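For this chain, numbers begin at 1 and follow the sequence in order. The shown structure was predicted, so the numbers you read here are calculated from the model rather than taken from an experiment. Whatever order the structure lists ligands and atoms in, that order sets their numbers, starting from 1.
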Amino acid sequence: MQKGLHYFDYLGLDKILSAQELESDKFNKHAHDEMLFIITHQAFELWFKQVLFDVDSVISLLSQQFVPEKDISICYQRMGRVKQILTFVTGQFEILETMTPLNFTDFRNFLNPASGFQSFQFRLLETKLGLPNDTRVNKHFENALKTEDLQLLESARNSHSLFSAIEQWLENMPFLQLNTYSFSEEYKQTLLAMIEKDKEYAKELIESPEEYEKRIQQIDQLKESFLSLFDETLYQKHIEEGSRRLSFKATQAYLFISLYADFPLLQLPFLLLQTVIEVDNALSVWRYHHFKMVSKMIGRKIGTGGSSGSDYLLRTVSAQRVFDDLGSLASFLVARDTIPTLPEEIAHQLRFAYEIK
Ligand code: HEM
């Protein structure tokens with residue numbers, strides 16, 4: 001036999017390949033599809049492990065007081081991988097769906113009270129991404145976890161999450177203020193000009209006085225929400241009401257990066273932030289496919305973990321999102337040709353140093 005490291009041992013396949021014990025067999029009621037059910041869950045959990053491993057490293061890189069450019073590149077690559085994994089594993093629900101709902105009834109009763117609620121890695125992932133506990137649809141999910149897992153979850157909650165690390169990194173971004181230049185003042189004027197133009201268009205295009213009045217009201221509402229971006233007191237009210245989470249300063253920095261993303265120095269931060277939004281979307285898509293699969297398998301039956309089942313899962317799709325504050329800022333972007341020109345001193349710092357002028 002060949003000496004040295006062996007494939008089988010390196011991958012711990014003795015443990016992994018002997019970890020499929022069918023409950024139906026224990027009751028002498030062999031259910032063929034239970035093997036698929038177990039292996040699908042195990043494959044998901046293995047991928048969750050990889051996702052946590054990558055997210056953890058990104059959190060620790062972004063939590064540094066100063067984040068070097070090369071680390072942004074690493075974070076971008078790793079978050080891209082996280083997005084690919086989440087998208088890939090979502091496709092695996094289709095394999096599980098080759099089991100018919102009736103085949104599932106062959107062994108479902110043997111699984112009680114085991115449930116996806118007990119997936120510690122999934123809870124840890126939500127927490128590490130930065131999902132606040134008070135926005136959870138089910139605040140009692142923790143009853144399902146083991147005591148040692150709860151302690152780990154608590155310690156994750158008291159450390160940086162991806163959300164808080166990104167917030168801190170954005171807050172540390174320079175360029176928003178220089179001598180008499182203030183990004184927020186400049187951009188506010190641009191947005192107000194855009195609003196006035198929208199009102200002029202409405203006057204030209206809408207004939208019915210009632211429709212016109214309605215449109216003006218809509219535009220004024222939009223103006224109110226625009227202005228809150230540039231007034232810290234107004235913004236704070238949105239935070240208190242829970243309609244915004246990302247700090248005032250971090251929001252300004254994200255807006256700046258989105259508007260001036262064509263400058264070399266901002267390209268990578270922009271791509272990283274877009275990828276973070278995509279990871280949030282990929283997790284929602286996971287939740288939605290899981291919900292669709294569950295409603296196909298068990299209809300409106302309650303879950304083995306005691307939730308309302310598919311109703312509960314559907315509500316988590318839109319309620320349990322982490323980075324909506326970033327995604328929603330697209331409403332505040334103006335047309336490229338109206339973006340205010342940056343003072344040369346700032347523009348210069350955002351170009352590659354070797355650029356020939
Ligand atoms: C026939 C297949 C499946 C059915 C019928 C099913 C059913 C359910 C139900 C009803 C819940 C809500 C909690 C409860 O009351 O039990 C749930 C939660 C969950 N399931 Fe599944 N599930 C299936 C497959 C999977 C797979 C393959 C995974 C992959 C890891 C998974 C992971 C989870 C997770 C993480 C939760 C917690 C979600 C949350 O609270 O947001 N499930 N599942």
Worksheet item: Do Gln168 and Ser63 have a side chain donor and acceptor closer than 3.5 Å?
Response: no
Worksheet item: Can a donor-acceptor pair be found between the side chains of Glu185 and Gln189 at a distance below 3.5 Å?
Response: yes
Short side-chain to backbone donor-acceptor contact, [X] and [Y], under 3.5 Å:
X      : Y      : result
Glu126 : Arg136 : no
Thr190 : Glu186 : yes
Glu97  : Met297 : no

[X] and [Y] ion-paired at < 4.0 Å:
X      : Y      : result
Arg157 : Glu154 : yes
Asp262 : Arg336 : yes
Lys197 : Glu200 : no

Worksheet entry | Where Pro340 and Tyr187 come nearest, the two heavy atoms and their spacing | CD-CD1, 4.0 Å
Item to complete: Identify the heavy atoms of Ala144 and Gln118 that sit nearest to each other, and give their distance.
Response: O-CG, 3.3 Å
Item to complete: On the 0 to 90° scale, with breaks at 30° and 60°, tag the Phe37-His41 ring pair as parallel, tilted or perpendicular.
Response: tilted
Below 3.5 Å, N or O to N or O, backbone or side chain included: is there any such pair between [X] and ligand 1?
X      : result
Arg123 : yes
Ser115 : yes
Gly116 : no

Tell me whether [X] reaches ligand 1 (any heavy atom closer than 4.0 angstrom to a ligand atom).
X      : answer
Trp286 : yes
Lys301 : no
Arg108 : no

Is the contact between [X] and ligand 1 made by the side chain, the backbone, both, or neither, using heavy atoms and a 4.0 Å cut-off?
X      : result
Gln121 : neither
Leu96  : side chain
Met99  : side chain
His290 : side chain

Between [options], which one has a non-hydrogen atom sitting closest to [atom]?
atom                    : options                      : answer
atom 15 (O) of ligand 1 : Ala43, Ala114, Ser307        : Ser307
atom 35 (C) of ligand 1 : Phe122, Phe104, Phe37, Phe93 : Phe122
atom 7 (C) of ligand 1  : Asp311, Val294, Asn112       : Val294

Discussion item. I'd like to know whether NZ of Lys146 has more than 12 heavy-atom contacts from other residues, nucleotides or ligands below 6.0 angstrom.
Written reply: no
For [X], atoms of ligand 1 separated by under 4.0 Å from a heavy atom:
X      : value
Thr304 : 16 (O)
Phe44  : 27 (C), 29 (C), 30 (C)
Gly305 : 14 (C), 15 (O), 16 (O)
Met297 : 1 (C)
Arg287 : 41 (O)

Residue and atom name of the nearest protein heavy atom (relative to [atom]), distance in Å to one decimal:
atom                    : value
atom 9 (C) of ligand 1  : Leu313 CD1, 3.9 Å
atom 3 (C) of ligand 1  : Met293 CE, 3.7 Å
atom 25 (C) of ligand 1 : His41 NE2, 3.1 Å

